[in-house]
Chemist: 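Before I ask anything, let me first share the structure, which is written out below as structure tokens.
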Amino acid sequence: MPSRPVVTRFAPSPTGYLHIGGARTALFNWLFARHHGGEFQLRIEDTDRARSTPEATAAILRGMDWLGLDHDGDVVSQFARADRHAEVAHQMLDAGHAYKCFSTQEEIAAFRDAAKADGKSTLFLSPWRDAAADSHPDAPYVIRMKAPRDGQTVIDDQVQGPVKFENKLLDDMICLRSDGTPTYMLAVVVDDHDMGVTHVIRGDDHLNNAARQTLVYTAMGWDVPVWAHIPLIHGPDGKKLSKRHGALGVEEYQAMGYPAEAMRNYLARLGWSHGNDEFFTTAQAIAWFGLDGIGKSPSRFDFKKLDNISGQHIAALEDQALVDQIGAFLAVTGQPVLSDEQNKLMLRGMYCLKERAKTIPLLIEKAEFILTSRPIAPDEKAAKLLDSVSRGILNQLTPLLQDVSWTRDTLEQVATEVAEANDAKFGKIAGPLRAALAGRTTTPSVFDMMLVIGREETIARLTDAIG
RNA sequence: GGCCCGUUCGUCUAUCGGUUAGGACGCCAGGUUUUCAACCUGGAAAGACGAGUUCGAUUCUCGUACGGGCUACCA
């Protein structure tokens, strides 16, 4: 293994939002770099000018930022390095590793159509590969790699194992287009080399490309990076993830209220494992992550499991961190943020909220009794519980609350006594109490609510309900 | 069509020739309970198929089937 420090990179093309598969690829690269104390770099592959947009770049950056995948150094624009790519293409040309090809796109397309019709290989063998310079016409040309026609190229992939490719099946890929711009195939190699990338961790849709790219490394005399091609994430139906599966962009997950910590945990677990560990912190993931833990088969995205993991993280997060996350969530989703007073109450009540929510919005829903204010308008179900009999019992309870010590034990004792005095169990008055305090039928424990909002507010709400 | 990769409970996965094939999510049943959630106990649930190697295959090899990827002057 090289003694060079580990350098990984995530290299998305800015043609849309950061999708969930890309996010996982980024996460693996990030975890690997952090595990080794190396660098994680970000490169935007924007050489396709027609499809690249600054909006997409911004969305990718936002997604990375939300997931907490911080990169080292500046964001590299592949397009900005076009001159360097052209330089390398010409170096290969000068060294005899590449050649000028004057075949037009129409000629090549016609060849392929014919080959396809005949059921023959569509591999295009340029007639210009060995043409003498004095036979070159004065016409536009591309620079093609002069790939070896014999032997084989082996990709020693850290996930897939050794993969062999017959060189005769590899085409002379275009490095520089006829307009002088570089192709991705060339640019990716030049950039990875120049950026000092030691480990290329990417989707296995690039596995075939790795063979042709290896040829460029070899031609230039550069070190070939360590390859790790990870399986793609599939949709619930096992097919390739696509828009019809919904929720593809990471920002949508943010908007659904999954904590970033939970997303990192779930995404890491998708295709990577560390024994039977399911729930872990980011710090643990960094400590444990390695290429040998990556599986070889594609995995499917499962919201049920994400929900579960998310719930565990919410329960485990610090109260203040959760209050902060609620604030961030509200801001991102364009909702009014909480007042200082509400935040204070949220912090005080978080202990009885966080054990029961799988996502941030669910957490907010459970906190309705904190966020609401008098007079409380009970919803339909709650209103039903506040019948005359129940109101009568609450009327007995309310004055007793005036002087008891405001602790869970005494509140529970008083409530139970009132219930028994009415020949009922506590369960009988829990519903009406809940309805009166929150105006809802699903809330935290009634005693927890009383403790959080305090004696004065409790009595006021009960008095309102008694009417 | 050609090349490449993959295939363990419904899902995510453990297993690195010898296990009653383990865990998690989900599901079902029961328990607890102050609604929801949580929690506790129990349960159903898997090696795609066929050969071969071996004393012994989920594990190694080959074939088949199925799924996926690539096959652009896209990335």
Side-chain angles (χ1 to χ4, degrees), chain A residues 11-15 45-48 50-52 78 101 103-105 108-109 112 115-116 118-124 140-144 155 157 159-161 163-166 169-171 173-179 181-185 187-188 203-211 229 231-232 234 236 238-240 266 269-279 292 295-309 311 315 353 355-358 362 365-366 381-382 385 412 415 425-431 433-435 438 440-448:
Chain A
S13 52
T15 54
E45 308 219 315
D46 49 0
T47 52
D48 183 347
R51 297 198 303 151
S52 299
Q78 188 160 67
C101 170
S103 297
T104 66
Q105 294 184 58
I108 298 170
R112 276 200 245 272
K116 207 164 210 170
D118 288 355
K120 289 183 183 163
S121 167
T122 56
L123 196 76
F124 179 69
Y141 60 88
V142 299
I143 294 182
R144 281 187 188 272
I155 300 302
D157 196 274
V159 173
Q160 310 289 345
V163 182
K164 294 176 190 151
F165 294 90
E166 294 296 328
L169 265 16
L170 266 24
D171 69 351
M173 65 180 187
I174 293 175
C175 294
L176 217 58
R177 300 187 184 100
S178 52
D179 64 359
T181 61
T183 60
Y184 159 78
M185 276 310 172
V188 69
D204 69 6
D205 49 336
H206 286 288
L207 184 54
N208 291 275
N209 294 337
H229 289 92
L232 270 21
H234 287 173
K239 302 285 187 190
K240 189 182 182 183
Y266 179 73
R269 197 63 191 69
L270 213 52
W272 172 79
S273 62
H274 180 262
N276 280 333
D277 293 306
E278 300 284 350
F279 173 79
D292 55 350
K296 305 175 78 166
S297 53
S299 45
R300 305 183 188 195
F301 199 92
D302 182 8
F303 274 98
K304 291 279 179 54
K305 184 125 184 188
L306 205 213
D307 282 344
N308 179 274
I309 291 291
L353 297 168
E355 304 268 338
R356 44 214 321 141
K358 294 180 193 297
L362 254 24
E365 198 180 303
K366 300 284 182 194
K381 284 185 199 159
L385 288 172
E412 191 163 352
K425 286 201 291 189
F426 167 67
K428 174 77 177 167
I429 66 169
L433 244 183
R434 191 185 317 285
R440 300 293 165 90
T441 52
T442 71
T443 72
S445 153
V446 293
F447 303 116
D448 284 325

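Quick note on labels: first sequence line is chain A, next is B, and so on, each numbered from 1. Side chains are part of it too, since the values below use all heavy atoms of this structure and drop only hydrogens, waters and symmetry mates.
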Chemist: Which whole number of Å gives the distance between the C1' atom of B/rU59 and that of B/rC16?
Modeler: 8 Å

Chemist: Salt bridge check: are A/Lys304 and A/Asp307 linked by an N-O gap of less than 4.0 Å?
Modeler: no

Chemist: Which is true for A/Phe165 with a 4.0 Å heavy-atom rule: it touches a base, it touches only sugar-phosphate, or it touches nothing?
Modeler: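 Sugar-phosphate contact only.
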
Chemist: With sugar-phosphate meaning primed atoms plus P, OP1 and OP2, does A/Ser121 contact a base, only sugar-phosphate, or nothing at under 4.0 Å between heavy atoms?
Modeler: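 The residue A/Ser121 makes no contact with any strand.
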
Chemist: Could you check whether A/Val446 gets within reach of a base, just the sugar-phosphate, or nothing at all, counting any heavy atom under 4.0 Å?
Modeler: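 A/Val446: base contact, heavy atoms under 4.0 Å.
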
Chemist: When the P atoms of B/rA48 and B/rG10 are considered, how many whole Å apart are they?
Modeler: 12 Å

Chemist: Which is true for A/Gly311 with a 4.0 Å heavy-atom rule: it touches a base, it touches only sugar-phosphate, or it touches nothing?
Modeler: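 Here A/Gly311 touches no strand at all.
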
Chemist: At under 4.0 Å between heavy atoms, what does A/Pro444 touch on the DNA or RNA strands: base, sugar-phosphate, or nothing?
Modeler: base

Chemist: So for A/Thr443 and B/rC36, does any side-chain atom that can act as donor or acceptor lie under 3.5 Å from a complementary atom in the base?
Modeler: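 Side chain to base: no pair below 3.5 Å.
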
Chemist: Just the rounded figure in Å: distance from P of B/rC4 to CG of A/Asn209.
Modeler: 15 Å

Chemist: Do the side chain of A/Gln160 and the main chain of A/His229 share a donor and acceptor less than 3.5 angstrom apart?
Modeler: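 Yes; judged by distance alone, with no hydrogens or angles, the pair exists.
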
Chemist: Could you give the distance separating B/rA44 and B/rA29 at their P atoms, to the nearest angstrom?
Modeler: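 Taking atom P in both B/rA29 and B/rA44, they lie 15 Å apart.
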
Chemist: Using the P atom as the point on both nucleotides, what is the distance between B/rU8 and B/rC60, in whole Å?
Modeler: 14 Å

Chemist: Determine whether any donor atom in the side chain of A/Lys296 lies under 3.5 Å from an acceptor atom in the base of B/rC5, or the reverse, and answer yes or no.
Modeler: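 Answer no: no donor N or O sits under 3.5 Å from an acceptor.
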
Chemist: Taking the P atom of each, how far is B/rC40 from B/rA45, in whole Å?
Modeler: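 Looking at atom P only, B/rC40 and B/rA45 are 23 Å apart.
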
Chemist: Expressed in whole Å, how much space separates the C1' atoms belonging to B/rG22 and B/rU58?
Modeler: 13 Å

Chemist: Working to the nearest 0.5 angstrom, can you tell me the gap between A/His206 NE2 and A/Ile155 CD1?
Modeler: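 The NE2 atom of A/His206 sits 13.5 Å away from the CD1 atom of A/Ile155.
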
Chemist: What about A/Thr122: does its side chain form a donor-acceptor pair under 3.5 Å with the base of B/rU71?
Modeler: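 Under the 3.5 Å cut-off, the side chain and the base do not form any donor-acceptor pair.
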
Chemist: Going by atom types only, do A/Thr443 and A/Arg434 share a side-chain donor-acceptor pair under 3.5 Å?
Modeler: yes

Chemist: Would you kindly give the CG-to-C1' distance between A/Leu123 and B/rC3, to the nearest whole Å?
Modeler: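 Spelled out: CG on A/Leu123 to C1' on B/rC3 is 10 Å.
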
Chemist: May I have the distance from A/Arg112 (atom CZ) to B/rG1 (atom C1'), rounded to whole angstrom?
Modeler: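 To the nearest whole Å, that distance equals 14 Å.
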
Chemist: If you check the A/Ser445 side chain, which of B/rU34, B/rC3, B/rG23 turns out closest?
Modeler: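 Out of B/rU34, B/rC3, B/rG23, the nucleotide with an atom closest to A/Ser445's side chain is B/rU34.
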
Chemist: Expressed in whole Å, how much space separates the C1' atoms belonging to B/rG26 and B/rC12?
Modeler: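 Looking at atom C1' only, B/rG26 and B/rC12 are 11 Å apart.
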
Chemist: Specify the separation, in whole Å, of atom CZ of A/Phe124 and atom P of B/rC3.
Modeler: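 The answer, rounded to whole Å, is 21 Å.
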
Chemist: The criterion is side-chain hydrogen bond (donor to acceptor under 3.5 Å, both in side chains); which residues satisfy it with A/Asp302, sequence neighbours excluded?
Modeler: none

Chemist: Counting only side-chain heavy atoms from C-beta out, which of B/rU34, B/rU7, B/rC4 sits nearest to A/Ser297?
Modeler: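 Selected nucleotide (nearest to the side chain): B/rU7.
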
Chemist: Could you state the NE2-C1' distance from A/His229 to B/rG6, rounded to the nearest angstrom?
Modeler: 15 Å

Chemist: Using the P atom as the point on both nucleotides, what is the distance between B/rU15 and B/rG23, in whole Å?
Modeler: 15 Å

Chemist: Please work out if A/Pro298 contacts a base, only the sugar-phosphate, or nothing of the nucleic acid, heavy-atom cut-off 4.0 Å.
Modeler: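 A/Pro298: backbone/sugar contact only, no base atoms under 4.0 Å.
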
Chemist: For A/Ser299, answer base if it contacts any base atom (sugar-phosphate contacts may also be present), sugar-phosphate if it contacts only those atoms, and nothing otherwise; contact means non-hydrogen atoms under 4.0 Å.
Modeler: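 Result for A/Ser299 = sugar-phosphate.
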
Chemist: So what does A/His206 touch, heavy atoms closer than 4.0 Å: a base, only the sugar-phosphate, or nothing?
Modeler: base

Chemist: Tell me the interatomic distance from A/Arg440, atom CZ, to B/rU34, atom C1', rounded to whole angstroms.
Modeler: 18 Å

Chemist: Base of B/rG69, side chain of A/Asp204 - is there a donor-acceptor contact under 3.5 Å?
Modeler: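 Donor-acceptor pair under 3.5 Å: no.
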
Chemist: Applying a 4.0 Å non-hydrogen cut-off, can you work out what A/Thr47 is touching in the nucleic acid: base, sugar-phosphate, or nothing?
Modeler: sugar-phosphate

Chemist: For A/Arg51 versus A/Asp48, what's the shortest heavy-atom pair and its separation?
Modeler: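 For A/Arg51 and A/Asp48, the tightest heavy-atom pair comes out as NE-OD2, 2.9 Å.
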
Chemist: Students often get this wrong, so: under 4.0 angstrom with heavy atoms, is A/Thr442 touching a base, only sugar-phosphate, or nothing?
Modeler: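 Contact class for A/Thr442: base.
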
Chemist: Examine the base of B/rU11 for any acceptor or donor lying under 3.5 Å from a partner atom in the side chain of A/Arg300, and report the outcome as yes or no.
Modeler: no

Chemist: Are the side chain of A/Ser445 and the backbone of A/Phe447 linked by a donor-acceptor contact shorter than 3.5 Å?
Modeler: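 Side chain of A/Ser445 to backbone of A/Phe447, a donor-acceptor pair under 3.5 Å: yes, one is there.
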
Chemist: Determine yes or no for a side-chain-to-main-chain donor-acceptor pair under 3.5 angstrom, with A/Arg440 supplying the side chain and A/Lys381 the backbone.
Modeler: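 The answer is no, because no donor-acceptor pair under 3.5 Å joins these two groups.
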
Chemist: Which part of the nucleic acid, if any, lies within reach of A/Gln160 when heavy atoms closer than 4.0 Å are counted: base, sugar-phosphate only, or nothing?
Modeler: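 A/Gln160: backbone/sugar contact only, no base atoms under 4.0 Å.
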
Chemist: Between A/Lys116 and B/rG1, does any side-chain N or O lie under 4.0 Å from OP1 or OP2?
Modeler: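 For B/rG1, OP1/OP2 do not have a side-chain N/O of A/Lys116 under 4.0 Å.
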
Chemist: Mind checking if A/Glu45 touches a base, just sugar-phosphate, or nothing, with heavy atoms under 4.0 Å?
Modeler: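 Sugar-phosphate contact only.
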
Chemist: Separation of A/Leu306 atom CG from B/rG26 atom P, in whole Å?
Modeler: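 In whole Å, B/rG26 P and A/Leu306 CG are 12 Å from each other.
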
Chemist: Answer with base, sugar-phosphate or nothing: what part of the nucleic acid does A/Asp179 contact at a heavy-atom distance below 4.0 Å?
Modeler: nothing

Chemist: Applying a 4.0 Å non-hydrogen cut-off, can you work out what A/Gly431 is touching in the nucleic acid: base, sugar-phosphate, or nothing?
Modeler: nothing

Chemist: Take atom CG of A/Leu207 and atom P of B/rU71, then tell me their distance rounded to the nearest Å.
Modeler: 13 Å

Chemist: Between A/Asn308 and A/Gly271, just flag the one whose closest nucleotide in RNA chain B comes earlier from the 5' side.
Modeler: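 Between the two, 5'-proximity favours A/Gly271.
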
Chemist: Check if the side chain of A/Lys358 and the base of B/rA37 share a donor-acceptor pair of N or O atoms closer than 3.5 Å.
Modeler: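 In this structure, the two groups form no donor-acceptor pair.
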
